[in-house]
Novice: 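Provided herewith is a single structure, encoded as structure tokens, for subsequent inquiry.
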Amino acid sequence: MPEGHTIHRLARDLNKDLAGHDVTASSPQGRFAAGAARLHGEKMVKVDAWGKHLFCGFASGQVLHIHLGLIGKFRRKKLPAPEPTDTVRLRLVGDVAAWDLTGPYLCAVITDDDRQEVTAKLGPDPLRATGVRAVAAAREDFGARLARRRVAIGAALLDQKIIAGIGNVYRAEILFLLGIDPRRPANSLDEAEVNAIWDLTSVQLGQGVRLNRIVTVDPAEAGVKSAGRLKRADALYAYKREGLPCRRCGTEIEIMKIANRSMWACPTCQK
DNA sequence: CGATTATGATTAA
DNA sequence: TAATCCTAATCGC
């Protein structure tokens, strides 16, 4: 489930549960025993997300850097925490709840300098830009990064150096919603299209954080009261819908390969 | 109960 | 482009 919205939601939930508390850290699976030992008993100060990267800052100055990758999960457990499964790489326990990390692509204790090195390599994250000024600056940065690339826009949106936080679902959905053919070169988009991608990504990822899942279909279009009410099968326009009729025009959704991953698009709605 | 698949990203070829 | 890492839900038999 991890695209940018998942990570920002985790940052929010972890802040609520663990920030300001001393935590106990352990690695039931064993692979992160040394890291857990370094964090054990430390006070977590603040959790922060940038794209798909999660950073948990500690009073000691240590930073827990987590990337969930494709299959990683960070799950909340009520106290008293149940016996951990043998795949739990890291368990953090605070005063309010416990959190179990499984299958991360990356889990390491780093310094704040390391963290800055990591984020310096990432493109702007629409969920980080707040305020009119910051939004305008980030959006312009995004446009400049796109303009330098002639790869397909469908590939560019997956490139975390261009924009941080979009994954395979959102890239398909955002390009569908804006009627953009995913094969068009990134540097062929005009300013209005670039701005529209940035703004829509902000809105969609923001909704993803709120709902804690990806819903892009307009609830009014689907005849329900709110996006949260949409069932899994009705929540998306393009992703994994090859061969099915486009919800807008009825044309069969196509599947293609872009940047080594499956991509879905409506040949009629996306020119 | 085994095979398949996945909303990720890097490394090797 | 393909192989690789990690886990767990789902699906077909």
Side-chain angles (χ1 to χ4, degrees), chain A residues 1-11 27-33 35-36 49-55 65-77 82-91 99-108 110 117-123 125-127 151-152 154-177 182 200-201 204-217 227 230-242 253 255-265:
Chain A
M1 301 158 104
E3 294 194 24
H5 69 297
T6 305
I7 311 309
H8 282 266
R9 175 58 179 255
L10 275 173
S27 181
Q29 178 208 45
R31 294 182 104 189
F32 194 58
W50 190 314
K52 300 170 188 171
H53 294 255
L54 186 70
F55 302 98
H65 179 203
I66 291 169
H67 191 301
L68 294 181
L70 186 60
I71 60 169
K73 297 245 166 38
F74 211 176
R75 300 177 169 99
R76 186 182 200 274
K77 303 284 174 184
E83 191 66 20
T85 63
D86 56 10
T87 55
V88 174
R89 180 86 51 96
L90 171 66
R91 165 171 279 186
W99 284 82
D100 283 355
L101 175 69
T102 59
Y105 160 66
L106 191 69
C107 174
I110 63 173
E117 255 176 62
V118 171
T119 56
K121 287 180 190 146
L122 295 170
D125 174 350
L127 290 183
V151 296
L157 293 187
L158 273 191
D159 184 342
Q160 304 299 303
K161 294 189 289 300
I162 293 177
I163 182 170
I166 294 180
N168 210 26
V169 178
Y170 278 120
R171 78 155 166 175
E173 295 299 307
I174 286 161
L175 292 177
F176 173 89
L177 283 164
L200 181 62
T201 302
Q204 288 294 333
L205 285 174
Q207 170 161 284
V209 172
R210 255 175 280 122
L211 300 177
N212 211 6
R213 68 181 182 118
I214 304 178
V215 178
T216 57
V217 166
L230 283 167
K231 295 193 206 92
R232 208 228 274 278
D234 302 326
L236 305 173
Y237 286 105
Y239 179 78
K240 270 200 171 173
R241 296 195 72 242
E242 72 270 22
I253 299 292
I255 184 167
M256 62 194 85
K257 211 83 162 179
I258 297 183
N260 257 336
R261 316 226 7 223
S262 295
M263 171 75 198
W264 296 263

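Each chain gets a letter, A, B and so on, in the order the sequences are listed, and its residues count up from 1.
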Novice: Can you list the residues that meet the side chain to side chain contact (heavy atoms under 4.5 Å, CB included) rule with A/E242, with sequence neighbours excluded?
Specialist: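 Side chain to side chain contact (heavy atoms under 4.5 Å, CB included) check on A/E242 returns A/I255, A/W264.
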Novice: How far does the P atom of C/dC5 sit from the matching atom of B/dA13, given to the nearest Å?
Specialist: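 It comes out at 13 Å once rounded to the nearest Å.
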Novice: Nearest whole angstrom, please: distance from the P of B/dT7 to the CD1 of A/I258.
Specialist: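 Taking atom P of B/dT7 as the reference, CD1 of A/I258 is at 14 Å.
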Novice: Kindly express the pairing pattern of DNA chain B in dot-bracket notation, using | wherever a base pairs with another strand and counting only Watson-Crick or G-U pairs under 3.5 Å.
Specialist: ||||||.|||||.
Novice: Taking any heavy-atom pair under 4.0 Å as a contact, classify A/R31: base, sugar-phosphate, or nothing.
Specialist: sugar-phosphate
Novice: Tell me: CD1 of A/I71 to P of B/dT4, nearest whole Å?
Specialist: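 Going from CD1 in A/I71 over to P in B/dT4 covers 17 Å.
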Novice: Between A/D100 (CG) and C/dT7 (C1'), how many Å, whole number?
Specialist: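 In whole Å, C/dT7 C1' lies 14 Å from A/D100 CG.
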Novice: Once rounded to the nearest 0.5 Å, what's the spacing between atom CZ of A/R75 and atom CG of A/L10?
Specialist: 11.5 Å
Novice: Can you tell me if the side-chain N/O atoms of A/Q29 get under 4.0 Å from OP1 or OP2 in C/dT7?
Specialist: yes
Novice: Could you go through A/T87 and A/D100, starting from their C-alpha distance and side-chain angles, then the distance that decides it, and tell me whether this counts as side chain to side chain contact (heavy atoms under 4.5 Å, CB included)?
Specialist: CA-CA 9 Å; A/T87 55; A/D100 283 355; over 6 Å; no
Novice: Name the residue from A/Y105, A/F32, A/F55 that meets the ring pair (Phe, Tyr, Trp, His ring centres under 6.0 Å) definition with A/H65.
Specialist: A/F55
Novice: Write down the distance between CG (A/L157) and P (B/dG8), rounded to a whole number of angstrom.
Specialist: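 Interatomic distance, CG of A/L157 to P of B/dG8: 13 Å.
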Novice: Measure NZ/A/K240 against P/C/dA9 and give the value in whole Å, please.
Specialist: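 Rounded to the whole Å, the gap is 15 Å.
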Novice: Can you find a side chain N or O atom of A/Y239 that sits less than 4.0 Å from OP1 or OP2 on B/dT7?
Specialist: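 Affirmative; the distance criterion is met.
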Novice: Taking the P atom of each, how far is C/dA8 from B/dT10, in whole Å?
Specialist: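 So the two P atoms sit 23 Å from each other.
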Novice: Between B/dT5 and C/dA3, how far apart are the two P atoms, rounded to whole Å?
Specialist: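 Those two atoms are separated by 15 Å.
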Novice: Could you tell me whether A/K257 contacts a base, only the sugar-phosphate backbone, or nothing, with contacts defined as non-hydrogen atoms closer than 4.0 Å?
Specialist: nothing
Novice: Side chain of A/R232 only, please: which of B/dG8, C/dC6, C/dT10 is the nearest?
Specialist: C/dT10
Novice: Could you list all N or O pairs between the protein and nucleotides 9-11 of chain B that sit under 3.5 Å apart?
Specialist:
unit_1, atom_1, unit_2, atom_2, d
B/dA9, OP1, A/H67, NE2, 3.1
B/dA9, OP2, A/K52, NZ, 2.9
B/dA9, O3', A/Y105, OH, 3.4

Novice: Can you sort out the partners of A/P182 under side chain to side chain contact (heavy atoms under 4.5 Å, CB included), two or more places apart, ordered by chain and number?
Specialist: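 Expected list: A/L175, A/M256, A/I258, A/M263, A/A265, A/Q270.
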Novice: Side-chain N or O of A/T87 less than 4.0 angstrom from OP1 or OP2 on C/dA8?
Specialist: yes
Novice: Could you tell me whether A/R171 contacts a base, only the sugar-phosphate backbone, or nothing, with contacts defined as non-hydrogen atoms closer than 4.0 Å?
Specialist: nothing
Novice: Quick one: ring-ring contact (aromatic ring centres under 6.0 Å, His included) partners of A/Y170, sequence neighbours excluded?
Specialist: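 So A/Y170 forms a ring-ring contact (aromatic ring centres under 6.0 Å, His included) with A/H5.
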Novice: According to side chain to side chain contact (heavy atoms under 4.5 Å, CB included), who are the partners of A/D234, at least two apart in sequence or on a separate chain?
Specialist: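 Expected list: A/L230, A/K231, A/R247.
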Novice: Can you spot which of A/I166, A/I163, A/T201 makes a side chain to side chain contact (heavy atoms under 4.5 Å, CB included) with A/R171?
Specialist: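 Answer to the side chain to side chain contact (heavy atoms under 4.5 Å, CB included) test with A/R171 among A/I166, A/I163, A/T201: A/I166.
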Novice: What integer distance in Å separates A/I255:CD1 from B/dT5:P?
Specialist: 12 Å
Novice: Of the nucleotides B/dA6, B/dG8, C/dA8, which has the atom closest to the A/N168 side chain?
Specialist: B/dG8
Novice: Expressed as a whole number of angstroms, how long is the span from A/L68:CG to B/dT7:C1'?
Specialist: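 It is 11 Å, rounded to the nearest whole Å.
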Novice: Do the non-hydrogen side-chain atoms of A/K77 and A/P82 ever get within less than 4.5 Å of each other?
Specialist: yes
Novice: Tell me: CZ of A/R89 to P of C/dA8, nearest whole Å?
Specialist: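 Interatomic distance, CZ of A/R89 to P of C/dA8: 11 Å.
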Novice: Any side-chain heavy-atom pair from A/Q204 and A/E173 closer than 4.5 angstrom?
Specialist: no
